[in-house]
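Predicted, not measured: the structure shown is a model, and the values here were computed from it.
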Amino acid sequence: MQKTVGACFDHVGFATPDKPKAVHTLRTLGFAAGNTDSDRHFHVMMDNCYFEALELTPDYGKIDAAKLYIILFSAKKADKMRAAFADNGYEVSPMGQSGRHANHGAQTGFATFRSFQLKNAAPFLTDPIFAAVQHMTPHLIYQDKRLLHPNGTCRVTSYVFHSQKVEEDAAALSKMDLIARPFADAGHYVECARFVCPHCYEAEFGQPCPEKPFGLAAMSFSGGHHDYLKAQADSLGLKYFYVSEKLYIDVTAEVGCFFIFE
C-alpha cells in the first residue's frame with residue numbers, strides 16, 4: 001500500500017554518529033554548503049527548503065546509526081499556527097527563539113528563528129521530533145543568490161516514509177498539514193509526502209524495510225546530473241540503481257535514507 005498526502009515541511013534534520021563522514025558524502029555527491037565542518041549542523045539549502053546533518057549534543061546520548069531526528073513545518077505566522085494546533089487538541093510547547101550564523105549564499109549574517117514543538121501530533125511522533133519554524137531573517141535563508149549545487153539539483157520534491165500503518169500515519173500527517181498550511185511560508189516548503197508499507201518499500205528499494213514502525217525512506221530531488229551523480233557515488237562506493245528512470249542512491253549509512261534524483 002502507498003498513499004501521498006500534503007506535507008508543508010520547511011526542513012528536516014538527520015542525526016549522525018559520524019558527522020565528518022556524512023558531510024564528506026554530501027559534498028562528494030555535489031551538495032554545496034557554506035558552513036564550516038566544525039559547526040554542529042551542516043545545512044544544505046534548496047530553492048524551496050533545506051536539510052541538515054547534525055551532531056547531537058552529549059546529553060542526548062549515543063546513537064549507533066544515522067537517522068531522521070527532526071521534521072519542521074514551515075511557518076510564516078508561527079503564533080497563529082501554534083494557536084491553531086492547540087485549538088485542534090494538539091499539545092504544543094512554548095514558543096522558543098534561537099539563532100546561528102548563516103552562510104548560504106551572497107548574503108551572510110546571524111539568522112534568527114522562532115519555533116515550537118508538537119508533542120502529541122500523531123501516532124508516530126515518539127521519534128522523530130515534529131516542530132514548526134518561522135524564519136525571522138528569511139533573506140539569509142532563502143535568497144536569490146544561494147550556493148548552487150554541482151550535482152544540478154535545486155528542489156526537494158517529496159519525502160518518502162516507510163510505515164507499518166500507512167492509512168493511519170498518512171491521515172495523521174494530512175490532518176497536521178491542513179492545520180499548518182494556511183500559516184506556512186508559501187513557496188518555502190516541500191509539497192507532499194508519500195507513505196509506503198513494508199512490502200512496497202522492499203519492492204521499491206530492493207532491501208528489507210527497517211523494523212521501526214515509522215521512518216524516512218527517501219528524499220526526492222528535482223533534476224540532477226545523473227552521470228555526475230553516478231560517478232561520485234562510484235568514488236564513494238555507494239550503491240545506486242534506477243526505478244522508472246529515477247536514480248536512487250543508497251546513503252542510509254550516512255544520513256539514514258535513500259536519495260532519489262528525478
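Between Ile71 and Ile129, the closest side-chain pair of non-hydrogen atoms is not below 4.5 Å. The side-chain heavy atoms of Leu238 and Leu29, taken from C-beta on, include a pair separated by under 4.5 Å. Residues Leu118 and Val92 meet the side-chain proximity criterion, which asks for heavy atoms closer than 4.5 Å. Inter-residue side-chain proximity for Asp250 and Gln207 is flagged as met; some heavy-atom pair is nearer than 4.5 Å. Val5 has its side chain out of reach of Cys192: every pair of non-hydrogen atoms, C-beta onward, lies at least 4.5 Å apart. The shortest side-chain heavy-atom distance between Asp47 and Arg146 falls under the 4.5 Å cut-off. Proximity of Gln232 to Leu229: side-chain heavy atoms (C-beta onward) are nowhere separated by under 4.5 Å. With a 4.5 Å cut-off on side-chain heavy atoms, Lys19 and Leu54 do not count as touching.
Defined by atom type and a distance below 3.5 Å, a donor-acceptor pair is missing between the side-chain atoms of Thr157 and Ser222. Side-chain contact check for His139 and Gln107: no donor-acceptor pair (N or O, by modelled atom type) lies under 3.5 Å. Side chain to side chain, Asn48 and Tyr142 fail the donor-acceptor criterion of an N or O pair below 3.5 Å.
Side chain of Gln143 to backbone of Ala106: a donor-acceptor contact under 3.5 angstrom is found. Of the possible polar contacts, none joining the Ser174 side chain to the Ala170 backbone as a donor-acceptor pair under 3.5 Å is found. A donor-acceptor pair under 3.5 Å links the side-chain atoms of Ser74 to the main chain of Asp185, judged by distance alone. In terms of modelled atom types and a separation under 3.5 Å, the side chain of Thr108 and the main chain of Asn103 share no donor-acceptor contact. For the pair Asp177 (side chain) and Cys8 (backbone), a donor-acceptor distance under 3.5 Å is present. Under a 3.5 Å cut-off, the side chain of Arg114 and the backbone N or O of Asp79 do not form any donor-acceptor pair. Of the possible donor and acceptor atoms, one in the side chain of Gln134 sits under 3.5 Å from a partner among the backbone N and O of Ala78.
Across every non-hydrogen atom of Glu254 and Ala22, the tightest pair is O-CB, 3.6 Å. The two residues Pro213 and Asp169 make their nearest non-hydrogen contact at O-OD2, 4.4 Å. Between Gly99 and Phe110, the shortest heavy-atom contact is C-CZ, 3.5 Å. Between Ile141 and Ala102, the shortest heavy-atom distance links the atoms CD1-CB, 4.5 Å. Here the closest non-hydrogen pair linking Ala32 and Leu148 is CB-O, 3.4 Å. Nearest heavy atoms, Ala33 versus His43: CB-O, 3.1 Å.
Both Phe214 and Leu216 are assigned to one and the same hydrophobic cluster, defined by single-linkage of ILVMFWY side chains at heavy-atom distances under 4.5 Å. Both Tyr159 and Val255 belong to a single network of hydrophobic side chains, linked directly or stepwise wherever heavy atoms of I, L, V, M, F, W or Y lie under 4.5 Å apart. In terms of hydrophobic clustering, with Ile, Leu, Val, Met, Phe, Trp and Tyr side chains grouped at heavy-atom distances under 4.5 Å, Val12 and Val156 are assigned to a common cluster. Leu178 and Leu173 sit in two unconnected hydrophobic clusters of ILVMFWY residues. Membership requires side-chain heavy atoms under 4.5 Å apart, directly or through other members. Under the 4.5 Å side-chain heavy-atom criterion for ILVMFWY residues, a single connected hydrophobic cluster contains both Val44 and Tyr228.
Among Arg155, His226, Lys246, Glu245, the one residue that satisfies the side chain to side chain contact (heavy atoms under 4.5 Å, CB included) test with Glu262 is Lys246. The only member of His11, His188, His104 that meets ring pair (Phe, Tyr, Trp, His ring centres under 6.0 Å) when paired with Tyr50 is His11.
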Could you check Phe241 against Lys239 for side chain to side chain contact (heavy atoms under 4.5 Å, CB included), going step by step and ending with a plain yes or no? CA-CA 7 Å; Phe241 53 90; Lys239 181 180 74 172; 4.2 Å; yes

Evaluate Lys175 against Tyr90 for side chain to side chain contact (heavy atoms under 4.5 Å, CB included), listing each step before the verdict. CA-CA 11 Å; Lys175 180 181 178 181; Tyr90 292 86; 3.2 Å; yes

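For the atom pair CG (Asp10) and CZ (Phe113), the distance works out to 9.0 Å, reported to the nearest 0.5 Å. One distance of note links NE2 of His24 with CG of Leu236; it measures 5.0 Å at 0.5 Å rounding. With rounding to the nearest 0.5 angstrom, the CD atom of Gln117 is 12.0 Å from the CE atom of Met95. Separation of atoms SG (Cys197) and CD (Glu202) is listed at 10.0 Å; rounding is to 0.5 Å. Distance CZ/Phe183 to CZ/Phe73: 13.0 Å, rounded to 0.5 Å. Taking OG of Ser244 as the reference point, atom CG of Leu247 lies at 13.0 Å (rounded to 0.5 Å).
Taking the centre of each ring, Phe195 and His162 stay at or above the 6.0 Å mark. In this structure, Phe261 has its ring center under 6.0 Å from that of Phe221. Not less than 6.0 angstrom separates the ring centroid of Phe51 from the ring centroid of Phe42. Taking the six-membered ring for Trp, Phe259 and Tyr248 have ring centres at least 6.0 Å apart. If you look at His149 and Phe31, their ring centroids are closer than 6.0 Å. Taking the ring centroids of Phe14 and Tyr69, they lie at or beyond the 6.0 Å cut-off.
Under a cut-off of 6.0 angstrom, the local environment of CD in Glu211 is sparse, with at most 12 non-hydrogen atoms contributed by other residues, nucleotides or ligands. Lys77 NZ: 12 or fewer foreign heavy atoms inside a 6.0 Å radius. Heavy-atom neighbours of Asp234 CG from other residues, nucleotides or ligands within 6.0 Å: above the threshold of 12.
In this pair, Phe9 and Phe161 present their aromatic rings perpendicular. The plane angle is above 60°, beyond the 30 to 60° band.
Residues passing the salt bridge (Lys or Arg N to Asp or Glu O under 4.0 Å) test with Asp18: none are found, sequence neighbours excluded. When the salt bridge (Lys or Arg N to Asp or Glu O under 4.0 Å) test is applied to Glu204, the partners found at least two apart in sequence or on another chain are Arg194.
With salt bridges taken as basic N to acidic carboxylate O contacts below 4.0 Å, one links Arg181 and Glu191.
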